[in-house]
Protein chains: 2
Amino acid sequence: MQATHGLEENMIAMAGRMALVRPIPEPGIIEHRPSALRLVKAKEHLFHEGDPRQCVFEVVSGALALYTLLPDGRRQIARFALPGEFVCVGWERSEPHSAEATVDTFVKCLPALLARRIAKDAPASLDWIGAQMAEEARAMQDLARLVALGGALERVAGFIGRLSRKIGAASPCSFALPMTRADIGDHLGLTLETVSREFSRLRRLRVIEIERVTQVVILDPARLRRMGGDLLN
Amino acid sequence: MQATHGLEENMIAMAGRMALVRPIPEPGIIEHRPSALRLVKAKEHLFHEGDPRQCVFEVVSGALALYTLLPDGRRQIARFALPGEFVCVGWERSEPHSAEATVDTFVKCLPALLARRIAKDAPASLDWIGAQMAEEARAMQDLARLVALGGALERVAGFIGRLSRKIGAASPCSFALPMTRADIGDHLGLTLETVSREFSRLRRLRVIEIERVTQVVILDPARLRRMGGDLLN
DNA sequence: CGAATAGTTGACGGACTTCAAATCTTGTGG
DNA sequence: CCACAAGATTTGAAGTCCGTCAACTATTCG
């Protein structure tokens, strides 16, 4: 919790810097300018695995799927980057993942070189970067635990519960899923059919409600948490 | 690969510092002295989840299982720390895992405060720490991918292949497993019975040979790699 | 030597995947 | 605005894989 607290403070500080140039969303592409805002349409890529790292990104709206593709065509989505989250923080020289927008997505772009300069000037941001990297490792381990120890229901329940906490801080009971069932399956190591079935099961159990396919209402947060909860945190 | 290279250089530099005080293994416990060498017997703990971080450790021989325990009693081994690998690098204030020696294990201990001082004096070691943390995140993601996308055979094959590369750099074809079947199961999200069955299967397929339960000989490295290989790197 | 721990193997059942078909949603052109 | 097409989702049926329970064997330590 202490680490998370410091992280948020520094995120705010950094986001402040990033927001200086162009605070208002504008459709279209404005690349290679400090803190440019860019629209990535659904299914478009922001970058590919192996690309040289050029920018640090902050997701403003929508969602990015950070994934790796296997030789046999399957893919694993390592994580979804949601509004307020950062991508490409750290000292890697090339991207370890591909980044695809799962829905229309706005991102703020900060050139990596500028980010490095900021980091050098402000030692506090070094701590922030360290915290970000530690958080990333922890998130990856949470995923490994969820997938290694949980059944399909626990994985889906855990995923929805975590997602709702991230997205719906303001409205904890209802939110829009920013990705398809197939995306969720590729994240949790399940088929899209199994994801759909577990959604249906949660609906039958009166734990969630689904409206127009993408709108999820959490009816029983406590039970949802219990179903996947042992495996997170 | 570039990152790994820099990492190794800095590991050597840091290991050099750590080795200055007491270069020769000595049985028994010598705690709270710079670079003290300590023996942790099989099934003993080096620290527990939640303990305040006191030392950075380097495994000299044996192996540590870094795990978290779930409320229901199951455990997930996030990773095994093998000879030459470091544990507790980073800025966490308390341990996120418990560390148990799976076999008799020697570790070098460097007080965390001293490690911080070294890091401040030598900016290069900051890069090394960053590389370590990035490596940890990558290892966790590899685990998540292996567990999410692989069947039992792929998981075990991938695990053995990776382990042999880490342990048996000198003798790539034969090495001693430093953990039980149950430990491997807790790492890969399988039961110990399934792990045993997959070992037997690999033996029937003439991919590996097993001598005296813990000694593994890799008969067909190429095929072993192919069996779990799509899921790693 | 004997007990305790670790590992192997078999049988069975349940959980998830695969294949298939039907329904719902969304975007586009007329 | 409507119709249609493409994509996403839901649901069903059958098969495979892995977990559970159980019995047995091998190894280690006192």
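Note: hydrogens, waters and symmetry copies are ignored here, and every other heavy atom, side chains too, is used. Each chain gets a letter, A, B and so on, in the order its sequence line appears, and its residues count up from 1.
Under 4.0 angstrom from either OP1 or OP2 of dT9(C) there lies at least one side-chain N or O belonging to Arg203(B). For the OP1/OP2 pair of dA6(C) and a distance below 4.0 Å, the side-chain nitrogens and oxygens of Ser196(B) include no atom meeting the criterion. Checking the phosphate oxygens (OP1, OP2) of dT17(C), a side-chain nitrogen or oxygen of Thr194(A) falls inside 4.0 Å.
Judged by distance alone, the side chain of Arg74(B) and the main-chain N or O of Leu149(A) form a donor-acceptor pair under 3.5 Å. Side-chain N or O atoms of Asp186(B) include none that pairs as donor or acceptor with a backbone N or O of Asp183(B) at under 3.5 Å.
We find that CD of Glu198(B) is positioned 12 Å from P of dT9(C), with the value rounded to whole Å. To the nearest angstrom, P of dA6(C) lies 17 Å from CD1 of Ile210(B). For the pair Gln215(B) CD and dA6(C) P, the interatomic distance rounds to 19 Å; values are reported in whole Å. Rounded to whole Å, the distance from CG on Leu190(A) to P on dT18(C) is 11 Å. Remark: C1' of dC16(C) and CG of Asp186(A) are 16 Å apart, rounded to the nearest angstrom. Phe199(B) places its CZ atom 13 Å from the C1' atom of dA6(C), with the value rounded to the nearest Å. Note: CG (Asp104(A)) to P (dT26(C)) measures 13 Å, nearest angstrom. Rounded to whole Å, the distance from CG on Leu153(A) to C1' on dC16(C) is 13 Å.
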Less than 3.5 Å apart, which donor and acceptor atoms pair up between the side chains of residues 59-70 of chain A and the rest of the protein, not counting sequence neighbours?
| from | atom 1 | to | atom 2 | distance (Å) |
| --- | --- | --- | --- | --- |
| Tyr67(A) | OH | His45(A) | NE2 | 2.5 |
| Thr68(A) | OG1 | Arg145(B) | NH1 | 3.1 |

For residues 212-221 of chain A, please give each side-chain donor-acceptor pair under 3.5 Å, one per line with the distance, not counting sequence neighbours.
| from | atom 1 | to | atom 2 | distance (Å) |
| --- | --- | --- | --- | --- |
| Gln215(A) | NE2 | Ser174(A) | OG | 3.3 |
| Asp220(A) | OD1 | Arg223(A) | N | 3.1 |
| Asp220(A) | OD2 | Arg223(A) | NE | 3.4 |

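Looking at Leu46(A) and Arg38(A), their side chains come closer than 4.5 Å, going by heavy atoms from C-beta outward.
Picking from dG7(C), dA8(D), dT20(D) the nucleotide with the shortest atom distance to the side chain of Thr191(B) gives dT20(D). Closest to the Glu193(B) side chain, of the nucleotides dC18(D), dT9(C), dG19(D), is dT9(C). Residue Arg197(B) places its side chain closer to dG19(D) than to any other of dA20(C), dA22(D), dG19(D). For Ala152(B), the side-chain atoms get nearest to dC18(D) when compared with the rest of dC18(D), dT9(D), dT8(C). In this structure, of dA6(C), dT11(D), dG7(C), it is dA6(C) that holds the atom nearest to the side chain of Lys43(B).
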Checklist entry - Run the salt bridge (charged side-chain N to carboxylate O under 4.0 Å, His left out) check on Glu136(B) and Arg138(A) step by step: do they pass? => result CA-CA 9 Å; Glu136(B) 188 173 338; Arg138(A) 196 145 50 82; over 6 Å; no

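Ion pairing between a basic and an acidic side chain is recognised when a charged N comes within 4.0 Å of a carboxylate O; Arg53(A) and Glu95(A) show such pairing. Ion pairing between a basic and an acidic side chain is recognised when a charged N comes within 4.0 Å of a carboxylate O; Arg181(B) and Glu193(B) show no such pairing.
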Checklist entry - When every nucleotide of nucleotides 25-30 of chain D is labelled 5' to 3' by its protein contacts under 4.0 Å (heavy atoms), B for base, S for sugar-phosphate only, - for none, what sequence of letters results? => result --S---

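Residue contacts for Gly189(B): at a heavy-atom cut-off of 4.0 Å it reaches the sugar-phosphate backbone alone, with no base atom in range.
Each of Thr214(A) and Val195(A) was matched to the nucleotide of DNA chain C holding its nearest heavy atom; the match closer to the 5' end belongs to Val195(A).
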